[in-house]
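Right, one structure below, let's go through it.
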Protein chains: 2
Amino acid sequence: MLSPELAEARVLDAAEALFYDRGIQLVGMDEIRSTSGVSLKRLYQLYPSKGDLVEAYLRRRDEAWRRRLAEYADARPSPRESLLAVFDWLHDWFDEPDFRGCAFINSFGELGATSPEVAAIARAHKDAFRRYLADLVAAAGEPAWVADHVALLAEGAITTAAISGSPQPARQAKDAVRIILESTGGPRPA
Amino acid sequence: MLSPELAEARVLDAAEALFYDRGIQLVGMDEIRSTSGVSLKRLYQLYPSKGDLVEAYLRRRDEAWRRRLAEYADARPSPRESLLAVFDWLHDWFDEPDFRGCAFINSFGELGATSPEVAAIARAHKDAFRRYLADLVAAAGEPAWVADHVALLAEGAITTAAISGSPQPARQAKDAVRIILESTGGPRPA
DNA sequence: ACCATAGGAGAACGATGGTTCTCGATATGC
DNA sequence: GCATATCGAGAACCATCGTTCTCCTATGGT
C-alpha cells in the first residue's frame with residue numbers, strides 16, 4: 001500500500017496531466033485511477049467527489065505555476081527586467097510540447113457557468129497573477145496602470161499561443177510591454 | 001410543420017443560446033429540442049450528429065460576431081478611429097448581461113484537444129479577427145506589427161472581462177492601443 | 001496462529017445523454 | 001376517399017460515468 005502522501009501526490013499528478021490535456025469533463029475517475037495506480041476506494045477517501053479533486057488540481061496548479069514564474073522572473077537584477085522576463089518565461093512555457101493554454105481559462109470556459117467554485121478559483125488565479133505584476137510595476141517605479149496593460153498583454157499572449165500553437169505571441173507581447181514602459185519616460189522616483 | 005429554413009434558424013438560435021451560456025458538453029440534444037421546438041427527428045435530419053450542430057453554431061456565430069464588429073467600427077471616419085472603436089464595441093459586448101467570454105476560446109478549451117474541427121474553427125475565427133485588425137492598421141498607415149499588439153490586447157481584454165465580470169479591460173486595452181499608436185509617431189505615408 | 005481491519009479489483013447501481021425506433025396522427029397526390 | 005409518405009412525441013437503446021458495494025486478500029497486533 002502507498003503512503004497517503006504518495007497516493008495523494010500520484011492522484012494529483014494524474015489529475016493534472018489528464019485534466020489539463022483533455023479537459024475536465026472528458027476525463028473519468030476510472031482513468032484517474034488507472035493512471036495514478038490508486039484504487040477508487042482510496043481516491044474517494046482522499047476526495048469525496050470529482051469536484052473536490054478538480055478543485056485540488058486547480059489549487060495546486062495555481063501555486064506551482066506562480067511559484068515557477070516568480071522563481072524565474074525574480075532572478076533578474078531589476079524589477080523592470082523581471083517584468084520583461086515574465087514574457088521570456090511565457091515563451092518557454094508556450095514551447096513545451098504539452099502546452100494547451102491556461103488551465104484556468106480552460107476550466108472556466110468549461111465549467112465556470114455551472115461551478116461557482118471553479119469560477120472563483122480561476123478569478124483568484126488571475127487576481128494573484130495580476131497582483132504579482134502590479135508589485136513588479138510598483139517596484140520598477142512605474143505608474144500602476146502599467147500593470148493592467150502588461151496583464152492584458154500576458155493574457156492575450158497565452159490564449160493566442162494556445163489557439164495558434166505558436167510561442168510567437170510571447171515575443172510580440174514583450175515588444176508591446178517595452179513600448180508601454182518607454183511611454184512613461186522611465187521610472188518615477190518614490 | 002415549420003419550414004426547413006425556420007426550423008434551422010430556431011435550432012441554431014437555441015444551440016447558440018444554450019451552448020454559449022452553459023458550455024457545449026453540459027447541454028443535451030433534448031434541451032435543444034425543447035428550446036427550439038423542433039423535434040428530434042427533424043433535428044437529426046438537419047444535423048446528423050451533435051458535432052455537426054456544434055460546428056454550425058460556431059460558424060454562424062463567427063460570421064455574425066465579425067459582421068457586427070465591422071458594422072460598428074467601419075462607421076468611424078478614419079481607420080485609426082475604427083481601430084479604437086473596436087474597443088468601444090468590446091466594452092458594449094462585455095456589458096451585455098449574457099456575456100460569458102469568447103465562444104471560440106471557451107469551446108477550444110472544452111473540446112479543442114479532442115475535436116480537430118472545433119480547434120480549426122477557433123483558429124479560423126481568431127485569424128479572421130486578426131486579419132480585420134491588420135487591414136485597419138494598414139489603412140491607418142501604421143506598421144504591420146501594430147496589428148499583433150492590438151490583437152493581443154483585444155484577446156486579453158476578452159478573457160479578462162469574462163473571468164473578472166467587469167467591462168473595464170476594454171478601456172484599459174484601448175488606452176494601451178493609444179500608447180502603441182503614439183509610439184509610431186503617427187501614420188507613415190504610403 | 002487468529003482475528004479485525006484496511007485495501008484492492010472490479011462489479012454494480014443510477015443517472016445522463018446521444019441516437020434510433022415505434023406509433024399514431026396528419027398532410028399530399030391521385 | 002384512399003394510399004402513401006412524412007412528421008411529432010416520446011419511449012427505447014446503448015454507452016459512459018460518478019459513486020458505492022462486494023468479496024477476497026493481506027497484514028499487523030496480541
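Residue numbers start from 1 in every chain, and the chains themselves are labelled A, B, ... in the order their sequence lines are given, proteins ahead of strands. Everything numeric in this text was worked out from a predicted model, so none of it was measured.
Nucleic acid contact class of B:Glu31 (heavy atoms, under 4.0 Å, all strands): none.
The nearest whole Å value for the distance from the OH atom in A:Tyr47 to the P atom in D:dG18 is 16 Å. The CZ atom of A:Arg42 sits 17 Å away from the C1' atom of C:dG10 (whole-angstrom rounding). Between A:Arg33 atom CZ and D:dT20 atom P there is a gap of 16 Å when expressed in whole angstrom units. Separating the CD atom of A:Gln45 from the P atom of D:dT20 is a distance of 12 Å, rounded to the nearest angstrom.
For the pair B:Ile32 and B:Lys50, the minimum side-chain heavy-atom distance is 4.5 Å or more. For the pair B:Asp148/A:Thr160, no side-chain contact is recorded, criterion being any heavy-atom separation below 4.5 Å from C-beta on.
At least one donor-acceptor pair closer than 3.5 Å links the side chain of B:Glu110 to the backbone N or O of B:Ile24.
For the side chain to side chain contact (heavy atoms under 4.5 Å, CB included) with B:Arg178, the lone residue among B:Asp175, B:Ile180, B:Leu181 that qualifies is B:Asp175.
B:Phe87 and B:Ile105 are assigned to two separate hydrophobic clusters, defined by single-linkage of ILVMFWY side chains at heavy-atom distances under 4.5 Å.
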Task: Contact pattern, 5' to 3', of nucleotides 14-23 of chain C - B, S or - by protein heavy atom under 4.0 Å - done: ----SBB-B-

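Cation-pi check for B:Arg66 over B:Tyr132 is not met; the charged atom does not lie both under 6.0 angstrom from the ring centroid and within 45 degrees of its normal.
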